Amino acid sequence: MKTVITYGTYDLFHVGHLNMLKRAKELGDYLIVAVSSDRFNKEEKDKTCYVKDVDRAAIVEAIKYVDKVIFEDSWDQKVEDVQKYNADVFVIGDDWKGEFDFLEEYCEVVYLPRTEGVSTTQIKAELKNQGE
Ligand code: C2G
């Protein structure tokens, strides 16, 4: 069994997230997704989410490509996760290209092109403009 692992916030889940999870699953047989916790987002990623972490995790878990969801609570947990879950592939969008090359010592590292034209930031801005 080839295990793939990826990480993300997945706030206001959109088709860019879905495309990434679909392509991540195509790299193996079992996909683990680490969803950023509210604490991690607030204190270390300086991101404020609309959707709380347990709900973001529930949405991701319901995606047919996803086999297991864990929480991401630290920048430093990736090596431990890759070893703990025997991940063969770490995959993430190319907006992170190069950031996680250190994982090549433990697994294959793949950066996939992002889906253009959609982002949580853009959705938030459009909602704000519509006064919602
Ligand atoms: N993504 C994408 N296309 C988009 C938006 C996002 O392919 N239009 C991908 C990102 O590249 C990432 C995943 O979807 O692989 C989740 O995106 P975010 O929720 O924005 O994740 P991020 O905040 O970048 O967190 O430790 C790594 C971080 O937790 C990643």
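All values derive from a computational prediction rather than experimental measurement. What's counted below: heavy atoms across the whole structure, side chains too, no hydrogens, waters or symmetry copies. All ligand and atom numbering here is 1-based and tracks the order in the structure.
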When you compare ligand 1 with D95, is there at least one nitrogen or oxygen pair between them that comes in under 3.5 angstrom?
yes
For W75, counting its heavy atoms only, list the atoms of ligand 1 lying under 4.0 Å from any of them.
26 (O)
What salt bridge (charged side-chain N to carboxylate O under 4.0 Å, His left out) pairs are there with at least one residue in residues 22-31, not counting sequence neighbours?
K22-E26, K25-D67
Note: D38-K52 ion pair, threshold 4.0 Å (strictly below):
no
To check your reading of the model: name the closest protein heavy atom to atom 24 (O) of ligand 1, its residue, and the distance in Å.
W96 NE1, 2.9 Å
Identify the closest protein heavy atom to atom 20 (O) of ligand 1: which residue and atom is it, and at what distance?
K47 NZ, 3.6 Å
Between T115 and ligand 1, is there a nitrogen or oxygen pair with a distance under 3.5 Å?
yes
Above 12 or not: heavy atoms from other molecules or residues under 6.0 Å from CG of D95?
yes
E72, any N or O under 3.5 Å of ligand 1 N or O
yes
T6 N/O to ligand 1 N/O under 3.5 Å
no
To check your reading of the model: name the closest protein heavy atom to atom 18 (P) of ligand 1, its residue, and the distance in Å.
T9 N, 3.8 Å
Using distance alone, with no hydrogens and no angle criterion, decide if S37 and D53 have a side-chain donor and acceptor under 3.5 Å apart.
no
Using a heavy-atom cut-off of under 4.0 Å, does the side chain or the backbone of E116 touch ligand 1, or both, or neither?
neither
Would you check whether N19 reaches within less than 4.0 Å of ligand 1, judged by its heavy atoms?
no
If I apply the N/O under 3.5 Å rule, does M20 come out as touching ligand 1?
no
If hydrophobic clusters are built by linking Ile, Leu, Val, Met, Phe, Trp and Tyr wherever their side-chain heavy atoms come under 4.5 Å apart, do V4 and I63 end up in the same one?
yes
Determine whether more than 12 heavy atoms belonging to other residues, nucleotides or ligands lie under 6.0 Å from atom CD of E80.
no
So with a 6.0 Å cut-off around NZ of K84, is the heavy-atom count from everything else above 12?
no
Is a donor from one side chain sitting under 3.5 angstrom from an acceptor on the other, for D81 and Y106?
no
Nearest to atom 17 (O) of ligand 1, what protein heavy atom do you find, and at what distance?
H17 CD2, 3.7 Å
I need the atoms of ligand 1 closer than 4.0 Å to a non-hydrogen atom of K78, numbered in the order shown.
26 (O), 27 (C)
For atom 8 (N) of ligand 1, the closest protein heavy atom turns out to be V118 O, 2.6 Å
Testing the 3.5 Å rule here: is there a donor-acceptor pair between the side chains of K42 and T48?
no
Would you mind listing which atoms of ligand 1 come within a distance below 4.0 Å of any non-hydrogen atom of S36?
29 (O)
Are I92 and V60 connected in a single hydrophobic cluster, I mean Ile/Leu/Val/Met/Phe/Trp/Tyr linked by side-chain heavy atoms less than 4.5 Å apart?
no
Protein heavy-atom partner closest to atom 5 (C) of ligand 1 - residue, atom, separation in Å
R114 NH2, 3.5 Å
Sub-3.5 Å N/O-N/O distance, K45 and ligand 1
yes
If we only count N/O pairs under 3.5 Å, is G93 in contact with ligand 1?
yes
Which residues share a side chain to side chain contact (heavy atoms under 4.5 Å, CB included) with K78, sequence neighbours left out
Y7, E72, W75, F90, F100, L103
Atom 19 (O) of ligand 1 sits nearest the protein heavy atom Y10 N, 2.8 Å
Please give me the minimum heavy-atom distance between Y10 and A34, naming the atom from each residue.
CE1-O, 4.4 Å
